[in-house]
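Note sheet for the following structure.
All values reported here derive from a predicted model rather than from experimental measurement. Ligands are counted one by one from 1 in listed order, and the atoms in each one are counted from 1 as well.
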Amino acid sequence: MSPRGDSLHGFPVAEGSLQVGGVALERLALRVGRTPFYAYDRARLDARVAELRRHLPQAIHLSYAIKANPMPALVQHMAGAVDGLDVASGGELLVALDTTMPAERISFAGPGKTEPELRQALAAEVTVNVESPGELETLARLGTEIGLRPRVALRVNPDFELRASGMRMGGGARQFGVDAETVPALLDDVKRLDLDFQGFHIFTGSQNLSAEAICDGQKQTVELALRLAESAPAPVRLLNIGGGFGIPYFPQDKPLDLAAVGENLAGLVPQIEARLPEARIIVELGRYLVGEAGLYVCRVVDRKVSRGQVYLVTDGGLHHHLAASGNFGQVIRRNYPVALGNRVGGGAPEKVSVVGCLCTPLDLLADGVELPKAEVGDLVVIFQSGAYGLTASPTAFLGHPKPLEVIL
Ligand SMILES: *Cc1c(COP(=O)(O)O)cnc(C)c1O
C-alpha cells in the first residue's frame with residue numbers, strides 16, 4: 001500500500017492533501033471548527049449503491065441497516081439512494097421516520113423491544129421483525145389496545161451457520177429470532193392473532209469477505225424461507241435474506257467478490273419469484289454501504305519518544321473510535337488503515353504508534369505503523385471508519401467532548 005499516488009483508500013489526494021467531497025483535509029478541519037471529527041463522503045456512498053445495483057439482480061431491494069451509522073443527514077442521504085431502512089431501536093426508528101423513506105419500507109428488528117418501542121412501531125405502521133413468541137404476543141396485545149393491526153415479519157434463527165463470518169448471528173442457540181423449527185407453530189399464532197403477516201427476515205452474520213460463504217448462506221436461506229412459506233397464513237410479501245457483506249480493514253483482507261454474489265442471487269431469484277410471486281426480496285446491509293465512505297480525523301497534540309519508540313499523541317482515541325483501537329469485539333488487535341491526511345507521501349517514513357488522549361494503554365489507534373515524519377498539528381486520518389464508529393464508542397469515557405460529524 002503506497003502512500004503516494006492520486007488516491008488513498010478511494011479518497012483523492014491533491015498536493016499531498018487528502019480530499020473529502022472535493023475539500024482538502026486542512027480546509028475541512030477549519031470548516032468543521034475543531035478536531036476530532038468524522039467525515040462522510042456522499043459520492044462514495046452513491047458509488048457503493050451504484051456498484052451494488054450493477055452487480056445484483058434488479059429484483060433485489062437494498063435496505064440500509066442504520067445502526068452502522070445513524071447520523072441523521074447520512075441516513076437521509078441513504079434514504080434517497082436505497083429501497084428501505086432497517087432500524088434496531090425506538091431511537092433509530094425516529095431517525096428513519098425523519099427521512100423521506102415511506103413507513104412501509106422501514107423494518108424494526110432486534111431483541112428486547114420494549115412496549116413503548118412496539119407502540120412507536122405500531123403507530124408509525126412500520127414492519128416489526130418479531131424476535132420471539134413473547135414479543136409476538138405483546139405486539140398483538142398492544143395492537144388491540146391501540147386499535148392498529150401490527151405488520152409483522154418473523155425473524156428466523158436458521159438451522160444452519162454462516163461460514164467465515166466476522167460475527168455470527170444465526171444458527172445454534174441465539175438471542176436473535178425464533179428457531180426455524182418453531183416457526184410453523186408461531187405462524188399459527190400469527191393467524192390466530194389476525195396479524196398482518198409480511199414475511200421472513202433471516203440474518204446469518206456480519207463482516208463476511210468470502211463470496212463463497214455468502215452465496216452458500218443465501219442459498220440455504222432461500223431454501224429455508226421457501227420451506228417455511230408453506231406454513232404461512234398469507235402470501236409472503238417480504239423476504240429479507242440478510243446481508244453481512246464485509247469490507248477489507250487489514251492488509252491481508254481481500255474485497256468481497258460482489259460479482260460472484262450477484263451471479264448466485266441471479267440463480268436464486270427465479271426460484272423465489274416462482275414460489276413467492278408477491279415477495280419483495282431484500283438484502284440488508286450496514287457496513288458495506290457506509291463503512292468505506294467515512295474517515296475519522298484527529299490532530300497530533302504531542303510527539304514523544306519513549307525508549308526509542310515514537311508516539312504521536314492525538315486529541316482522538318478509543319472513546320470516539322472503539323473499533324479502530326481493536327476493542328470492539330476483535331480477538332486480535334490489528335491496525336486500521338491510517339495516514340497523515342495533510343502530508344500524504346511527505347518525506348521519509350518513520351515507524352510510530354498513534355495513541356489517543358485517554359489514560360489507558362487500550363487507547364491505541366495505530367501500533368508500529370510507517371507514516372511520514374509527523375509534527376504537532378498534523379491530521380491523522382483513520383480510513384474505513386464510516387460504520388460502527390462514533391455510535392459504537394464509549395464517548396463519555398474520560399469526559400472529553402464528543403467528536404463532530406460532517407457529510408460532504
Ligand atoms: C447489525 C445488523 C445489520 C448490519 O450488519 P452489517 O455488518 O453492518 O452489514 C443488518 N441486519 C441486522 C438484523 C443487524 O442486526
Q.
Looking at ligand 1, is there an atom of it that comes within less than 4.0 Å of some heavy atom belonging to Phe203?
A. yes
Q.
Heavy atoms only, cut-off 4.0 Å: how does Tyr388 contact ligand 1, side chain, backbone, both, or neither?
A. side chain
Q | Heavy atom of the protein closest to atom 9 (O) of ligand 1 (residue, atom name, distance) | A | Gly286 N, 2.9 Å
Q) Does Lys67, backbone or side chain, put an N or O under 3.5 Å from an N or O of ligand 1? A) yes
Q: With side-chain contact (heavy atoms from CB on, under 4.5 Å) as the test, would you mind laying out the steps for Leu268 and Lys219 before giving the verdict?
A: CA-CA 7 Å; Leu268 295 171; Lys219 189 164 158 284; 4.3 Å; yes
Q: Could you say whether the N/O atoms of Asp86 and ligand 1 ever approach to under 3.5 Å?
A: no
Q. Side-chain donor-acceptor pair under 3.5 Å between Glu104 and Thr127, yes or no?
A. no
Q: Just say parallel, tilted or perpendicular for the rings of His321 and Tyr296, cut-offs at 30° and 60°.
A: perpendicular
Q | N or O pair under 3.5 Å between Leu285 and ligand 1 | A | no
(Q) I'd like to know if Lys113 and Glu135 make a salt bridge, using a cut-off of under 4.0 Å between side-chain N and carboxylate O. (A) yes
**Q.** Contacting atoms of ligand 1, where contact means under 4.0 angstrom from a heavy atom of His201
**A.** 13 (C)
(Q) For ligand 1, which is the ligand I care about here, please tell me if Ser206 has any N or O atom under 3.5 Å from one of the ligand's N or O atoms. (A) yes
Q: For the pair Tyr249 and Tyr336, name the ring-plane relationship: parallel under 30°, tilted 30 to 60°, perpendicular over 60°.
A: tilted
Q. At a 4.0 Å threshold, what atoms of ligand 1 neighbour a non-hydrogen atom of Glu284?
A. 10 (C), 11 (N), 12 (C), 13 (C)
Q.
Can you tell me if Phe176 contacts ligand 1 (heavy atom of the residue under 4.0 Å from the ligand)?
A. no
Q.
Whether the Asp363 and His319 side chains hold a donor-acceptor pair (N or O, under 3.5 Å, no angle test) is what I'd like checked.
A. no
(Q) For Phe197 and Phe200, take the angle between the two ring planes, folded into 0 to 90°, and tell me which bin it lands in: parallel under 30, tilted 30 to 60, perpendicular over 60. (A) perpendicular
**Q.** Enumerated ligand 1 atoms positioned under 4.0 Å from heavy atoms of Ala65
**A.** 3 (C), 4 (C), 10 (C)
Q: Check each atom of ligand 1 against the heavy atoms of Arg287 and keep those under 4.0 Å away; list them by number with element.
A: 6 (P), 7 (O), 8 (O), 9 (O)
Q: Compute whether any side-chain donor of one residue and acceptor of the other, for His61 and Asp83, lie under 3.5 angstrom apart.
A: no
